[in-house]
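The structure under discussion appears below in the form of structure tokens.
Residue numbers run from 1 in the order of the sequence given.
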Amino acid sequence: TGVQTCALPISSTDFGQSWTQDPNTLIGGTDIFAGAQYTSTIATNSADGTKVLMGAGSDGNTLIYLCTDYGTGNTWTDISAKVLTPADLADHEWNGGKYLYPFCAMNSDGQKMACGIGGYDPSGGKKSDLYMSADGGTTWEKKTPDGTRRAWFGVSMSADGAVVVAVAE
């Protein structure tokens, strides 16, 4: 049996003096992060903190959710299929499981986003890509440097979105 955990966003609006767990991560009565063993990343726009991009994963699941009204309505939208198309998912499946863990970043107005998909091919290959959006997460495209797939472990973005730094093996 495996360990089942949930990746739940917990936030502070007073620099860590108090914390609140997001009660609105339910879609259709199911917690959107149920079964996610690893929360890879969470990014928020610094302009007003209302946009949150969260990636989580476990064997068999790659979850990427976007909340555009954090702190007021906390409405989460699954954008996993916008970032990773079915062809991308099929291309990233190794040994019958998806060993993918997203690492996300967002600029200050929440319009530019980056998502490096971390993961390993158990046979030793590294087959992961970097995806970016310039329209608030509506559309995404592969922006893998030099077309070389790597295992991504982190990504960060400047306030204006012009500078993106990603960590890869």
Identify, with sequence neighbours excluded, every residue that meets side-chain hydrogen bond (donor to acceptor under 3.5 Å, both in side chains) alongside Asp109. Asn107

Atom pair CG/CD of Asp160 and Gln111 - distance to nearest 0.5 Å: 13.5 Å

Residues forming a side-chain hydrogen bond (donor to acceptor under 3.5 Å, both in side chains) with Ser133, sequence neighbours excluded: Asp135

Are Ile79 and Leu53 close enough that some pair of their side-chain heavy atoms sits under 4.5 Å apart? yes

Non-neighbouring partners of Ser108 that pass side-chain hydrogen bond (donor to acceptor under 3.5 Å, both in side chains), sequence neighbours left out: none

From Trp140 CH2 over to Ile64 CD1, what is the distance, rounded to the nearest 0.5 angstrom? 7.0 Å

By side chain to side chain contact (heavy atoms under 4.5 Å, CB included), which residues pair with Thr44, not counting sequence neighbours? Val52

Linking Ile, Leu, Val, Met, Phe, Trp and Tyr by side-chain heavy atoms under 4.5 Å, what else ends up with Val165? Val163

Should Leu130 and Thr144 be marked as a side chain to side chain contact (heavy atoms under 4.5 Å, CB included) after you check the CA-CA gap, both sets of side-chain angles, and the distance that decides it? CA-CA 5 Å; Leu130 185 65; Thr144 306; 4.3 Å; yes

Taking all non-hydrogen atoms of both residues, which atom of Val155 and which atom of Ala105 are closest, and how far apart? O-CB, 3.7 Å

Contacts of Ser156 meeting side-chain hydrogen bond (donor to acceptor under 3.5 Å, both in side chains) (sequence neighbours excluded), chain-then-number -> none

Are the side chains of Met113 and Leu66 in touch, meaning some heavy atoms are under 4.5 Å apart? yes

